[in-house]
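Read the structure below first, then the notes.
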Amino acid sequence: MPDLRRQVLESGKTMSRKAASREGSGRTSRTNSAKNSRQSSRNASRQASDDEDAGNLSDDTAVSLGSLDDLENADLENNNDNDDNDDKNDNWTQELDEVIDDILDRKRSSTFGREETYATFCRLSKFHFVEESIRRRVPDLLAAFIRSIKSGASERESVLALRALGLVTITASDDTIFDSVEPLLTRIIRDSPSSEIKTAAIYCLGTCTMFGGAGDDDIQDQMTFLLDIVASDGQSIDAQGSSTCVCAVLQIWGFMATEIEDLENESEDSIQIFMEQLTGNDPNVQIAAGQNIALLYEKSYTPQEDSDDEDEEEDKDYDSEDEKENLRGPKLIKRYDPYHNTPELERQLQSLATVHTRRLSKRDKKNLHNNFASISTTVADPRRGPMYSSAIDHETNRHYGSKLTVKIGRQGIMHIDRWWKWIRLNALRRVLQGGFAIHYFEGNLAVLDSLPVVMVRVEDEPPDRSVFKKAAKMRNSLRWKAAHSDSD
């Protein structure tokens with residue numbers, strides 16, 4: 001077996017604190033004067049949490065999003081709380097206009113002031129669908145963010161600018177963004193001395209590639225770039241020892257892979273590289289690598305076509321109706337072998353599904369067990385997607401899993417029966433965080449086109465179906481606008 005890792009290896013002015021504080025307080029006082037006391041207190045707490053935006057692009061975010069276990073707990077509770085908190089801010093459009101003015105007025109800004117305006121822009125862009133408000137100002141915003149990414153006076157300014165760029169990209173439906181920013185983001189990933197900036201740039205590159213107008217060839221080029229980073233354990237971008245960077249690369253590679261229909265030629269080498277990451281010490285890296293392996297096995301099966309021989313893939317016998325129900329949708333046919341030694345891979349996955357070591361926390365151990373039990377099930381039978389929980393019949397060695405459903409907002413659920421859905425959902429939540437449900441129901445076309453339709457949850461009280469009608473109406477309206485703008 002070849003050693004792929006070895007092959008891959010073959011301004012200066014400052015401002016006083018007093019002046020910065022004076023400048024940063026100007027916009028805050030203007031904004032607060034437009035709000036009543038209840039709104040001001042609510043948004044003050046939001047500002048405090050948003051001050052941590054720089055960390056939200058780190059591995060800490062991926063911990064909850066990468067785990068099958070955590071999905072129904074804190075992450076979703078946060079989504080529901082955020083829906084309530086920001087919906088009552090009636091003056092957000094005025095605040096957004098003032099923030100954009102401050103972003104574009106760079107001559108009068110300080111490092112501290114830019115950090116605060118970027119943080120506020122990120123907060124408003126997460127918890128509101130701002131497409132209409134920023135439509136005419138996208139080029140100017142991009143220029144401002146690019147300037148801070150290139151020569152940010154602080155690490156926080158650069159990270160927040162990268163995050164703001166990602167939020168503009170997922171909101172604006174502008175197909176020119178990828179070509180404008182890809183060279184810069186690639187250079188930042190390679191050359192920045194900051195691991196945090198590298199990580200933010202990796203996530204931003206993923207968002208700009210998927211939603212900024214990249215074609216299939218562009219996506220595959222970026223996947224090759226990212227795979228080289230994984231194969232070298234981060235050394236190719238001078239990030240050796242940074243599990244945060246490697247985890248981000250693995251997550252973004254998987255996100256991009258969901259968009260490519262045929263990965264037969266890439267499957268063998270990619271799985272081999274991901275298997276090397278399974279032997280590491282960071283549970284988040286191991287889980288991200290394992291989910292990419294499951295995705296590649298899933299892609300080796302495609303829906304049966306009329307031209308396929310009925311006997312090409314013989315159905316397996318299933319012992320219960322629940323098992324049959326887990327294989328919803330069209331009949332899937334095996335097209336190729338994703339890896340030459342599946343038994344070896346299965347042994348490695350099974351060891352992680354049952355790992356016991358004192359160096360791991362109970363939470364990490366539980367995450368590894370549940371994720372790799374589900375990943376092992378897919379590798380054994382690629383027609384099976386992720387499962388929220390699983391059990392094994394030791395007589396037959398069969399895995400029995402419950403269906404994975406995700407709560408969206410207060411009244412929606414989404415069935416996650418395929419790995420591509422799971423990986424896309426996690427990627428969207430890394431960008432939008434607690435604002436994911438708001439963007440879905442407000443009609444963000446990038447979100448709506450990335451995932452299947454949300455179903456209404458059946459509860460004791462009748463659901464408010466207006467949010468679903470609104471989402472459908474917005475989806476159709478945005479598609480109509482896009483079609484007519486193209487024809488013009």
Side-chain angles (χ1 to χ4, degrees), residues 62-73 75-76 247 250-259 263 267 271 274 277-278 283-303 318 322-330 332 338 342 345-346 348-350 352-354 363-392 398-408 412-430 436 450-455:
V63 171
S64 62
L65 294 176
S67 166
L68 293 169
D69 247 5
D70 292 337
L71 189 61
E72 293 293 343
N73 300 320
D75 188 51
L76 293 179
C247 185
L250 285 164
Q251 290 169 340
I252 294 303
W253 189 96
F255 184 31
M256 292 182 184
T258 65
E259 188 69 19
L263 288 172
S267 185
I271 290 176
F274 298 148
Q277 293 299 323
L278 297 181
N284 301 309
V285 171
Q286 292 171 305
I287 289 171
Q291 290 180 355
N292 286 349
I293 290 171
L295 176 67
L296 288 167
Y297 268 80
E298 177 178 276
K299 280 184 168 290
S300 69
Y301 278 64
T302 62
Y318 293 98
D322 288 339
E323 278 198 284
K324 293 178 182 179
E325 180 61 20
N326 276 332
L327 301 177
R328 296 190 299 269
L332 298 175
T342 296
L345 172 59
E346 287 182 308
Q348 195 169 352
L349 296 175
Q350 189 57 40
L352 288 167
T354 57
R363 171 176 173 157
D364 286 341
K365 197 178 299 182
K366 190 176 182 182
N367 286 345
L368 285 171
H369 289 177
N370 285 340
N371 275 274
F372 281 97
S374 185
I375 292 164
S376 296
T377 300
T378 298
V379 170
D381 182 356
R383 295 175 296 174
R384 291 185 177 278
M387 300 179 295
Y388 180 67
S389 63
S390 63
I392 302 175
R398 288 189 185 279
H399 291 258
Y400 299 92
S402 58
K403 304 169 191 174
L404 179 60
T405 57
V406 178
K407 188 166 69 171
I408 306 298
I413 59 172
M414 186 178 294
H415 293 296
I416 306 296
D417 56 351
R418 307 295 290 164
W419 283 102
W420 70 263
K421 297 178 185 178
W422 174 255
I423 290 171
R424 284 190 185 182
L425 175 63
N426 285 341
L428 290 168
R429 278 197 166 142
R430 275 191 295 271
F436 170 79
S450 295
L451 288 168
V453 175
V454 170
M455 308 298 291

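The figures here come from the full heavy-atom set of this structure, side chains too, leaving out hydrogens, waters and symmetry mates.
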Once rounded to the nearest 0.5 Å, what's the spacing between atom [atom1] of [X] and atom [atom2] of [Y]?
| X | Y | atom1 | atom2 | answer |
| --- | --- | --- | --- | --- |
| Lys421 | Leu404 | NZ | CG | 10.5 Å |
| Asn367 | His369 | CG | NE2 | 10.0 Å |
| Ile293 | Thr378 | CD1 | OG1 | 11.5 Å |
| Ile413 | Ile408 | CD1 | CD1 | 9.5 Å |
| Leu425 | Arg430 | CG | CZ | 9.5 Å |
| Ile287 | Asp364 | CD1 | CG | 7.5 Å |

What's the shortest heavy-atom distance between [X] and [Y], and which atoms?
| X | Y | answer |
| --- | --- | --- |
| Ser267 | Leu296 | OG-CB, 4.1 Å |
| Gln286 | Leu368 | OE1-CD2, 3.8 Å |
| Ala294 | Ile375 | CB-CG2, 4.1 Å |
| Thr405 | His415 | CG2-ND1, 3.0 Å |
| Leu250 | Ala289 | CD1-N, 4.0 Å |
| Ser374 | Gly385 | OG-O, 4.1 Å |

Side chain proximity check, [X] to [Y], heavy atoms < 4.5 angstrom:
| X | Y | answer |
| --- | --- | --- |
| Leu295 | Trp422 | no |
| Thr354 | Phe372 | no |
| Lys299 | Pro338 | no |
| Gln251 | Asn426 | no |
| Ser450 | Leu428 | yes |
| Arg429 | Val406 | yes |

Sidechain-backbone polar pair: [X] side chain, [Y] backbone, donor-acceptor under 3.5 Å:
| X | Y | result |
| --- | --- | --- |
| Ser376 | Ala373 | no |
| Asn371 | Gln291 | no |
| Glu298 | Trp419 | yes |

Fill in: All salt bridge (Lys or Arg N to Asp or Glu O under 4.0 Å) counterparts of Glu259, not counting sequence neighbours
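With neighbours one apart ignored, the set is Arg424.
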Discussion item. So, using side chain to side chain donor-acceptor pair (under 3.5 Å) as the criterion, who are the partners of Thr342 when residues are at least two apart?
Written reply: Tyr297
